[in-house]
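Down below is the structure, laid out as structure tokens.
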Amino acid sequence: MPAAPQKSVTEKALTRLGLVRDIDLALHLPLRYEDETRVVKLADAREGDTVQIEAVVTASEVAYRPRRQLLVTVDDGTDTCSLRFFNFYPSQQKALAVGARIRARGELRGGFLGLTMMHPVCKSATAVLPEALTPVYPTVAGLAQPTLRRAIDAALKRVQLDETVPEGHEPARVWPLRRALDFLHHPTPDVSLPALEDRSHPAWRRLKAEELLAQQLSQFTARRERDALQAPRLPARAGGLHEQLIAALPFALTAAQRRVGEEIARDIATTRPMHRLLQGDVGSGKTIVAALAACLAIDSGWQCALMAPTEILAEQHFRKLVGWLEPLLAPLGRRVAWLTGTQKKKGRAAMLALIASGEAALVVGTHAVIQDQVQFERLGLAIIDEQHRFGVAQRLALRAKMAAAGSEPHLLMMSATPIPRTLAMSYYADLDVSTIDELPPGRTPVVTRVLADTRRDDVVARIRAQVEAGRQVYWVCPLIEESEAVDLVNATATHEQLSAALHDARMPQGGPVLVGLLHSRMPVAEKKAVMTLFEEGLIGVLVSTTVIEVGVDVPNASLMVIEHAERFGLSQLHQLRGRVGRGAAASACVLLYSTGDSGRLGETARERLRAMVETADGFEIARRDLEIRGPGEFLGARQSGAPLLRFADLATDVDLVEWARALAPEMLDSHAALAAAHIDRWLGGRAQYLKA
Ligand code: ADP
Ligand code: MG
């Protein structure tokens with residue numbers, strides 16, 4: 001067998017940069033440029049300028065003051081300049097011999113020797129002056145700029161850059177791709193550097209437009225592929241569980257809940273697989289909407305799966321759904337099943353049997369729900385809570401599992417973090433979105449206070465007042481793992497302090513106030529026990545790391561204290577605050593901050609805390625968060641698998657996003673070959689990830 005061809009060192013380095021195909025190299029754009037097109041007279045240059053001069057060597061010696069160095073003097077007819085090299089090869093010394101005519105490029109400095117350049121880049125003056133700026137590329141160790149430049153130039157010559165945008169559809173103010181790429185690699189020296197830097201130049205706009213078009217094409221393609229699959233019809237049935245559950249609820253649904261419920265019901269009544277995101281602020285009541293959708297599936301004889309990112313949250317859903325649904329399911333001989341990773345073998349086997357036989361109408365759990373051993377009898381609807389907490393791989397696994405059943409199920413994703421408009425148009429373009437934009441009635445707005453943590457005593461007094469009035473309190477600390485490294489007050493210490501400070505406090509019934517502790521290193525069983533005691537009102541104050549962040553629902557809790565609030569992200573703070581204000585009692589959120597040694601808060605931390613005081617609206621919070629942090633945070637797990645936009649910027653390129661969004665479906669309909677060529681050029685084999 002012939003030996004596999006060996007990759008050269010250069011090829012290996014290029015592969016590490018992800019530069020495999022010619023188009024990859026062509027799209028590897030410079031970080032910045034150097035101007036080697038011009039030669040400047042020394043008399044016209046100023047100290048501090050980076051310039052290229054052309055001059056004759058008039059002296060060259062190896063000096064030893066203060067250490068060994070090559071000291072060369074050159075004269076360009078207008079002035080002289082010293083060139084100094086601390087590290088040099090004999091070949092350099094030879095090239096810089098007296099009488100040689102050279103070009104030197106570097107920063108001019110003053111000094112007692114007169115004008116000086118340290119370690120300038122030198123070449124013979126016989127070399128032709130380049131006509132374009134010299135690109136400087138991002139690179140890795142072992143791949144020198146000249147080697148990378150040669151590889152890119154060669155690829156640029158070879159690569160096919162046929163136009164893929166149909167004629168007459170080019171966005172405004174852009175160049176053809178060939179011209180744009182040639183230019184960005186080798187811009188002429190008269191270019192406006194600011195337009196290159198802020199990427200508003202027509203060449204840049206071309207690349208951004210192309211990239212956004214590829215993204216839209218792949219999303220529309222994924223959507224069409226999905227639309228072609230068959231999902232079960234799950235129409236509403238008179239007298240079914242859906243009607244019964246609405247009648248049994250202790251509250252009336254809000255108008256927003258009814259509206260999104262209808263949007264979902266309309267989707268799943270058809271065979272086109274639903275792919276819908278249900279977004280609604282914390283506490284807006286997404287769980288009941290999910291439960292009602294599950295009823296529709298069950299009413300039509302199908303199973304439903306509900307998956308949550310943490311065990312605590314999954315268990316809370318489980319108990320809620322059992323409470324709502326088991327009284328209605330029991331007469332039908334059906335049940336709600338429960339699956340997690342930490343389950344005992346026997347209990348798990350029993351659950352798997354219920355799921356496989358179809359006796360389990362609804363399955364609630366963590367990602368254990370999508371593991372291989374889980375075989376549904378007929379899965380018709382899958383619901384993912386806090387969908388952004390799941391990774392791309394997990395979503396793909398879920399879809400694969402669903403598809404394996406022969407028919408495609410409907411998919412409902414839920415999130416409390418509203419997606420800003422530009423993201424909804426780009427990364428989530430393949431999703432239908434339903435929004436609950438109203439909170440259930442009777443909620444009192446949460447009053448938010450920002451306090452320096454020197455005022456802890458005041459906060460403890462507030463806590464005492466709350467628990468003595470029969471209310472409950474959360475106290476959230478940053479992650480315990482971090483505490484050792486960055487010296488944060490950790491949850492354990494706070495737990496001890498609060499226990500001591502409240503030892504004589506009494507609940508209205510006269511019992512002592514228990515202070516509970518919940519952190520990520522505790523065994524799951526212990527976490528659950530603490531959570532149950534808190535839900536039952538037996539624990540008055542729950543000290544916790546951010547494990548309580550998602551979805552916990554204890555309406556009697558009326559005070560949320562967040563310690564080191566300056567270390568949390570804005571969305572996270574908003575989610576945490578959403579744990580209170582769920583009942584009728586007036587609720588408050590105290591953001592304790594610590595300035596550490598510097599004595600003052602950083603600018604972004606201050607902006608975040610200000611936003612928390614100024615607004616309680618999840619959409620406004622999400623908008624500000626995007627402003628402060630950029631889109632990466634929102635994309636969460638999607639980021640880890642999908643290529644993020646390299647060139648386009650959703651904040652500045654909305655017009656191009658809109659252009660691409662309008663063109664993509666038309667291209668798929670009327671210019672299928674161009675669309676396929678475009679996707680291949682930009683995404684190669686990576687398109688799959690965008691479908692998750
Ligand atoms: P989230 O959208 O954050 O998941 P939940 O589904 O946990 O919110 O609902 C928050 C609380 O509001 C729960 O206790 C739930 O039972 C209650 N709830 C939901 N809908 C209504 C309603 N229409 N009227 C009154 N309470 C409601
Ligand atoms: Mg929830």
Side-chain angles (χ1 to χ4, degrees), residues 310-313 316 446 448-449 451-484 486-507 511-568 572-573 575-582 587-594:
T310 67
E311 187 138 355
I312 286 188
L313 188 56
Q316 202 174 355
V446 179
T448 302
R449 283 267 136 72
L451 287 181
D453 75 353
T454 47
R455 311 247 322 252
R456 280 172 97 91
D457 290 349
D458 297 354
V459 178
V460 171
R462 278 182 95 130
I463 294 176
R464 178 186 285 269
Q466 290 297 313
V467 292
E468 290 187 336
R471 308 257 164 244
Q472 289 166 281
V473 177
Y474 294 101
W475 181 300
V476 177
C477 306
L479 272 188
I480 204 160
E481 276 83 357
E482 285 180 351
S483 63
E484 294 143 1
V486 285
D487 192 31
L488 297 181
V489 184
N490 69 38
T492 317
T494 302
H495 175 248
E496 279 170 22
Q497 280 169 16
L498 286 176
S499 302
L502 296 169
H503 76 278
D504 57 342
R506 289 287 173 272
M507 312 232 267
V513 171
L514 294 183
V515 181
L517 175 63
L518 200 62
H519 62 75
S520 45
R521 284 190 194 160
M522 282 163 50
V524 172
E526 214 174 298
K527 279 192 217 169
K528 281 188 194 165
V530 170
M531 213 46 230
T532 307
L533 288 173
F534 188 64
E535 281 170 29
E536 289 170 356
L538 297 171
I539 285 180
V541 183
L542 182 63
V543 177
S544 161
T545 55
T546 45
V547 288
I548 64 151
E549 179 198 347
V550 281
V552 178
D553 183 32
V554 179
N556 189 47
S558 60
L559 176 60
M560 164 68 65
V561 181
I562 303 175
E563 179 158 1
H564 279 294
E566 78 281 0
R567 298 190 185 252
F568 290 88
Q572 215 180 2
L573 289 173
Q575 296 260 334
L576 287 169
R577 178 170 60 184
R579 298 306 117 217
V580 295
R582 302 190 149 220
S587 296
C589 174
V590 175
L591 303 174
L592 278 179
Y593 67 88
S594 155

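Worth knowing before you read on, the calculation uses all heavy atoms, side chains too, and leaves out hydrogens, waters and symmetry mates. Quick caveat, the model's predicted, so the values are computed rather than measured.
Between the side chain of D458 and the main chain of L451, no donor-acceptor pair closer than 3.5 Å is present. Q466 places no side-chain N or O within donor-acceptor distance of the main-chain N or O of S558, the cut-off being under 3.5 Å. A distance-only check finds a donor-acceptor pair linking the side chain of Q472 to the backbone of F534 [under 3.5 Å].
For the residue pair Y593 and E566, the shortest heavy atom distance occurs at CA-OE1, 3.3 Å. Shortest non-hydrogen contact noted between V467 and V541 is CG1-CG2, 3.8 Å. Nearest heavy-atom pair across A557 and S587 is O-OG, 4.1 Å. Between V446 and G581, the shortest heavy-atom contact is CG2-CA, 3.9 Å. Minimum heavy-atom separation, A491 to C477: CA-SG, 3.7 Å. Closest approach of H564 to S594, counting heavy atoms only: CE1-CB, 3.5 Å.
Atom OG1 in T310 sits 9.0 Å away from atom CD in Q316 (nearest 0.5 Å). Taking CG of L591 as the reference point, atom CG of D453 lies at 12.5 Å (rounded to 0.5 Å). Note that CD of E536 is 11.0 Å distant from CE of M531, once rounded to the nearest 0.5 Å. Between R449 atom CZ and R455 atom CZ the span is 9.0 Å, to the nearest 0.5 Å.
With a 4.5 Å cut-off on side-chain heavy atoms, L514 and L533 do not count as touching. Within the 4.5 Å cutoff, the side chain of I562 has heavy atoms near those of the M560 side chain. A heavy-atom distance below 4.5 Å is found between the side chains of V459 and W475. Using a 4.5 Å heavy-atom cutoff, the side chains of L559 and Y474 are not in contact. The shortest side-chain heavy-atom distance between L502 and I463 falls under the 4.5 Å cut-off. When side chains are defined from C-beta on, L518 counts as touching L542, because their heavy atoms get closer than 4.5 Å.
Ion pairing between a basic and an acidic side chain is recognised when a charged N comes within 4.0 Å of a carboxylate O; D504 and R464 show such pairing. Taking 4.0 Å as the cut-off between side-chain N and carboxylate O, R456 and E563 count as a salt-bridged pair.
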Begin from the C-alpha positions of E496 and V515 and carry the test side chain to side chain contact (heavy atoms under 4.5 Å, CB included) through to its verdict.
CA-CA 9 Å; E496 279 170 22; V515 181; over 6 Å; no
Please report the C-alpha distance between K528 and E311 in whole Å, then the side-chain angles of each, then the deciding distance to 0.1 Å, and finally whether the salt bridge (charged side-chain N to carboxylate O under 4.0 Å, His left out) criterion is met.
CA-CA 9 Å; K528 281 188 194 165; E311 187 138 355; 3.3 Å; yes
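In this structure, a donor-acceptor pair under 3.5 Å is absent between the side chains of H495 and Q497.
For R506, the CZ atom sits in a packed shell: over 12 heavy atoms of surrounding residues, nucleotides or ligands are nearer than 6.0 Å.
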